[in-house]
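Written below as structure tokens is the structure these notes are about.
Small disclaimer: the values here were computed from a predicted structure and weren't measured. Quick note on labels: first sequence line is chain A, next is B, and so on, each numbered from 1.
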Protein chains: 2
Amino acid sequence: MNIADQIYSAADSANQDRAQAIRDNLRDAIVDRRLAPGTKLSEGEVGTLFDVSRTVARAALQMLSFEGLVRTERNRGAFVANPSPEEARQVFASRRLIEPGLATAACGRVTATDIAAFRAQLDEEGRFIAERGPTARRSEIKASGDFHLLLASVAGNAILQRFMEELVARSSLVIALYGRSGVSACGHSEHTGIVGALESGDCGLVSRLMLHHIDHIEADLDLRVRAGPALREALNF
Amino acid sequence: MNIADQIYSAADSANQDRAQAIRDNLRDAIVDRRLAPGTKLSEGEVGTLFDVSRTVARAALQMLSFEGLVRTERNRGAFVANPSPEEARQVFASRRLIEPGLATAACGRVTATDIAAFRAQLDEEGRFIAERGPTARRSEIKASGDFHLLLASVAGNAILQRFMEELVARSSLVIALYGRSGVSACGHSEHTGIVGALESGDCGLVSRLMLHHIDHIEADLDLRVRAGPALREALNF
DNA sequence: GTAAAAAAGATTGCATACGATTCTTGTGCA
DNA sequence: TGCACAAGAATCGTATGCAATCTTTTTTAC
């Protein structure tokens, strides 16, 4: 598979650190499922696509491998991660542990401006759900993740925010692999409920709603071991 | 300051990935406080010390920067991180959020073998506390962190384990900068109490003890803004 | 004597080069 | 036909070189 078509142009911004710009671009592509799990990301190809040397491409891939979005094998290269059911469980166990508390923290600091941002985010989610087609679906997935990241940013803890960025990105991969249906509408209504609780200042409720929300997302997964994961792995699919 | 004396030889193991071996070595040096916050880690110097090219040294420094143990400034280089009081608060807020739940998870999975490992770990802590001198003190700090990492490994979640590795390492930096006294003896008795609760299977107690323990560690910090952090920063101290 | 300016030196950012490893393809033999 | 093996291509790991940037020292002007 040629990955060229799945990557948007990197023309924008970021004269500060090109590797970081490439990482962001690739991460978006992975989270949006434009790059399927298992896809090979060769240093040379990435470098050519973004018009940089292998050195810079390699740095970007190393960053993604730290985030768990890319798996690197020595002398073989980098591949879009293909999380196992066990890894998937761990991702959601981590979220169950972190996000309710994070939501409580956010509830204690949320401002009117934040609420407005949440409302805008919910609107965007709703818009993409109403639309049809694969592009809207990708945007919907991304918007759904962005809701959780917005909450993390409101909590005001940069470290937890980074952890959540990783967990949300990996969740997207997991859902791509093991998701049964589109829980989107359901998820959207739950997001709306969380914002409502945030606005009313009921932090305990926010926390509980968040926990249930995560449970619902995970409940939609089919984490039974498939017939051919080893084969898929072997074939880089 | 010449960092050569603060680094142990890298003769060991790891023909698999040299950058990773260098990262581990540097991380130990930072956590052990052999490398003070603010110390410059130039690519050339690190490369020479470990007998690799700047390419490999750079990769190791990049890893450490992802872990928050090293801060890199464009065109200026890498420095051992110098966490601000605000960052210190965030490190401990993160631990308060994660570790009680992690302890509960560990409690649900702990085996007799694990308990034995905990006992051995406690013995080691006690031994270093009894000893005198800076070397014993460093080992004591490391052993104290290793207790928390052991607990994380027992919980059986690789993702949370990695988060904890980062948080424990950064805590060590924070304590080096803002620690008031040696809470070591106090911390050791609390560790002992946690293991006791683990053994008795009282998971709720384990969680509560862990929360108090973290609170105690943080209570020993003096996070008031110092007179000259800006100056220290400017002078790379 | 002090402060600004310029030059020298050191360090990083990035590209490229080369050996080593892995993957692919084609050939010979059973 | 099917399999083992070897040559070739592709890719990775790492060292090194050059330009750009930053730091330090020296020079120069006031």
* To do: Give a yes or no on whether a donor-acceptor pair under 3.5 Å exists between the nucleobase atoms of C:dT16, that is its base, and the side chain of A:Thr55.
  =>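 When only heavy-atom distances are counted, A:Thr55 does reach the base of C:dT16 through a donor-acceptor pair under 3.5 Å.
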
* **Under-3.5 Å donor-acceptor pair between A:Arg76 side chain and D:dG13 base** =>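 Check fails, no donor-acceptor contact within cut-off.
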
Could you tell me the separation between the [atom1] atom of [X] and the [atom2] atom of [N], rounded to a whole number of Å?
X	N	atom1	atom2	result
A:Arg54	D:dT14	CZ	P	11 Å
B:Glu73	C:dT11	CD	P	16 Å
B:Glu43	D:dT14	CD	C1'	14 Å
A:Glu45	D:dA10	CD	P	13 Å
A:Gln20	C:dC14	CD	P	11 Å
A:Arg58	C:dG13	CZ	C1'	16 Å
A:Gln62	D:dC12	CD	P	14 Å
A:Leu41	D:dC12	CG	C1'	14 Å

* **Residue B:Arg18, side-chain atoms from C-beta onward, closest of C:dA15, D:dT14, C:dT12** =>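 Nearest nucleotide to the side chain: D:dT14.
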
* Asked: Considering only side-chain heavy atoms of A:Val56, which listed nucleotide, D:dG13, C:dC14, D:dC12, is closest?
  ->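 From the listed options, C:dC14 comes nearest.
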
* Closest nucleotide of DNA chain C for A:Ser53 versus for A:Asn75: which of these residues is on the 5' side? ->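 Final value for this comparison: A:Ser53.
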
Does a side-chain N-to-carboxylate-O contact under 4.0 Å join [X] and [Y]?
X	Y	value
B:Glu87	B:Arg71	no
A:Arg162	A:Glu165	no
B:Asp28	B:Lys142	yes

* OP1 or OP2 of D:dC12 less than 4.0 angstrom from a side-chain nitrogen or oxygen of A:Arg74, does that happen here? ->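 No, because none of the side-chain N or O atoms of A:Arg74 sits under 4.0 Å from OP1 or OP2 of D:dC12.
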
* Side-chain touch B:Ile175/B:Asp220, heavy atoms, less than 4.5 angstrom ->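 Contact flag for B:Ile175/B:Asp220 side chains = no.
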
* Asked: More than 12 heavy atoms of other residues, nucleotides or ligands under 6.0 Å from CG of B:Asp123: is that the case?
  ->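 Enclosed.
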
